[in-house]
Each structure stands twice: as C-alpha cells, then as structure tokens.
Protein chains: 2
Amino acid sequence: MKPAHEVFFEYLKDNGLNMTPQRLVILQSFLDMEGHFTSDQLYRKVKKHDPAIGQATIYRTLKLLLDSGIADCFDIGDGVSLFENSYGQDHHDHLICVRCRKKIEIVDEAIEKRQEQIAEEKGFNITNHRLLLYGICPDCQAKAEKEEDE
Amino acid sequence: MKPAHEVFFEYLKDNGLNMTPQRLVILQSFLDMEGHFTSDQLYRKVKKHDPAIGQATIYRTLKLLLDSGIADCFDIGDGVSLFENSYGQDHHDHLICVRCRKKIEIVDEAIEKRQEQIAEEKGFNITNHRLLLYGICPDCQAKAEKEEDE
DNA sequence: TTAATTGCAAATCGTTTGCTGAAAG
DNA sequence: CTTTCAGCAAACGATTTGCAATTAA
C-alpha cells in the first residue's frame, strides 16, 4: 500500500491544489499524532515546528486531509471535533467513559454486518457510521466506590 | 405508567424547583413536538403560546427535561443538538441521509445485545449509546440517478 | 502571470452565563 | 421573606470567512 503522504500529494495534484510548506508541516504533525485529537491539539504540535502557522490553516488543511481519505473525524457530543489518522486502519467504534472521557476503540464484525443488513432493508446506501457506547470505565468505577466509602 | 408531565412535576418537587407558567408552556410544547427537533424549533413553537419567553429559558428547561428523564438529546454532527420525547419509548438508533438529512429510526435487538457484551468484556458499565448510520436514502438515490442523466 | 494560499482579525452560530427585577412557596 | 426564576444582553468557544499580501507553478 502506498504511504499516506503520497496519497495526500496525489490528492492535491488531482485537485489542482498546491503543496506548501505549511501543508507539509501539518501533514507530518498529523501523521505523528496518536489516537484521537482535536484541531487545537494538532495546532499546538504544528506550532512547535512552525510558530507562524495559524489556526485557520489547520482547519483548512484538516478538511483536505479528510477529503483525501487519510483522516477521519467524529464528534462525541462535547462540542469539539475529534480527528484521527484513518489511513489503512480498520473501521472501529468507541467506548467512551462519561467520567474521565477516556476512549477505547472497539472493532466488531458482528455489529458491522448487522448494520449493513438494516440499511439494506430500508433501502439506504450506507456511506459510513458511528457507534458510540457511553459508560463508566473500570478505573472510574473503582474511584466511585472509594468515594462512596468516605 | 404515569403520564410524562407528572414525571416532570415530581422531578421539580424532588429537587426543590418551582413550577412556573413558562416551564408549563415549554413542557406542553415539548410534548407536542414530533420526532427530533432543535432547541430553536421548540423555541418557535413556545413563542406561539407565550412570545415573552426567551431562548435562555428554553435551554434551561430542556436541561431539566433531560434530567427528569422524559427527554433525550443527541448530536448527528451538524453542530446542533437534537432533542426528542423519549418517555416510554424504546431505545432506537438512527439512519441519517447525508443528502437530505432525513432521519429514520431503527430498533434492533441484536445490536443492542451485542453492544452490552462488548461493554462487559471491557469492564465498562454502559449508561447509554448512540448508533448513527449515515448514507443515502432511497429518494436521494433516485434523484442522484436522474441528475446523472442530464 | 495568475490562481491558489496564507495569517489575521472579524464574523458566525449554537449555547451558556451574569445580572437585576419579579415571582413562587 | 428567601430562594428560585425569567428575560435580556453580553460572553463563550469552536469553527469559518473576508481580505490583502504572498507564494507556488
């Protein structure tokens, strides 16, 4: 499989867009990020390499990354978009702790299959989906019990 | 099962909150709404009964409705919260058309069960969940085909 | 040369909050 | 009386946009 940056380069070329130093720095920082992150977290990482880059450029470039297919974006209801590097990754869903906001990725073939069936029954042509399971993680359950003792 | 408005009244009493004419109008309008709606849509309905009520009161009362358990809220990634009357309703998930934004409710026992299993495996204590299936609805598929012919 | 791109600041938009007067219990 | 509430306008915070200057091709 061709590397992620190449996919992005080709995307730019195919759409008559230019490669710029800013886009390169953002792309590299993006690929270096781990797990889920906000636009602002990426912005802070980018600033370390080039402090002159502005927030707007981050937002604009994130849109290109999404469009080129190497990034993915979702919203867990906190009013912020979460991004991740999705290139070459299996689709996954998320378990989210409502207390500490920890996120755990899950992959489940059975659910994926069933979703497709449902969509088909309704005549929908599914493009993507999002499954969010909210709950209390083991750590926070332990903490909650401790607090009750006090 | 006791009626929704009674649940709300008791919720207020149990929490030392007052019943007010505004809250009553908002409650009634809320119960009259169909399907999913935004805070603003509820606001417009409320205004017909009492034009003096402000947006802030709608937001504050919606929070009480959520808290009392008769309302539910979710976010499909449009930057607006969607509310619905959830009292006495089965949990359901949503198929969302990415073209016309139509929303179809789905209920699927198999997926619900599987989710619980996954959560248990990870030691999570699930409080709620959200499944969003994005795709193109039959109507929009037909429209898209027509457009291609042109 | 010329269309694309940047950074900045101002604009958006949904939602929240501080404040002051009014009303509920 | 003593909270709780309401309405208003201002504040907020994430994201977008207009603009004038700069740069890639």
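Below, chain A is the first sequence line, B the second, and so on; all start at residue 1.
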Any donor-acceptor N/O pair, A:D108 side chain to A:A110 backbone, under 3.5 Å: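 Here the side-chain-to-backbone pair exists.
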B:S68 (side chain) donor-acceptor with B:L65 (main chain) under 3.5 angstrom: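 Present.
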Ignoring backbone atoms, establish whether [X] has a side-chain N or O less than 4.0 Å from OP1 or OP2 of [N].
X     : N      : answer
A:R23 : C:dT6  : yes
B:R60 : C:dT16 : no
B:S81 : C:dT15 : yes
B:K63 : C:dT16 : yes
B:Q22 : C:dA23 : no
B:Y59 : C:dT16 : no

Interatomic distance where OH belongs to B:Y43 and C1' belongs to C:dT15 [whole Å]: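 Distance, rounded to whole Å: 14 Å.
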Comparing A:T57 and B:M19 on DNA chain C - which has the more 5′ nearest nucleotide: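 The residue closer to the strand's 5' end, by nearest nucleotide, is A:T57.
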B:Q41 and B:R44 side chains, donor-acceptor separation under 3.5 Å: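 Note: B:R44 and B:Q41 side chains miss the donor-acceptor criterion.
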B:H94 versus B:I106, closest heavy-atom pair with distance: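 Heavy atoms only, the tightest pair is N-CG1, 4.0 Å.
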First encountered from the 5' end of DNA chain D, between B:G54 and B:G16: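 The 5'-side residue here is B:G16.
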Terminal axis angle for the helix from C:dT1-D:dA25 to C:dG25-D:dC1, five pairs an end, nearest 10 degrees: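 Answer rounded to 10°: the end axes differ by 30°.
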Distance-only donor-acceptor pairs under 3.5 Å for side chains of residues 21-30 of chain A, two or more places apart:
unit_1	atom_1	unit_2	atom_2	d
A:R23	NH1	A:N18	O	2.7
A:S29	OG	A:V25	O	3.0

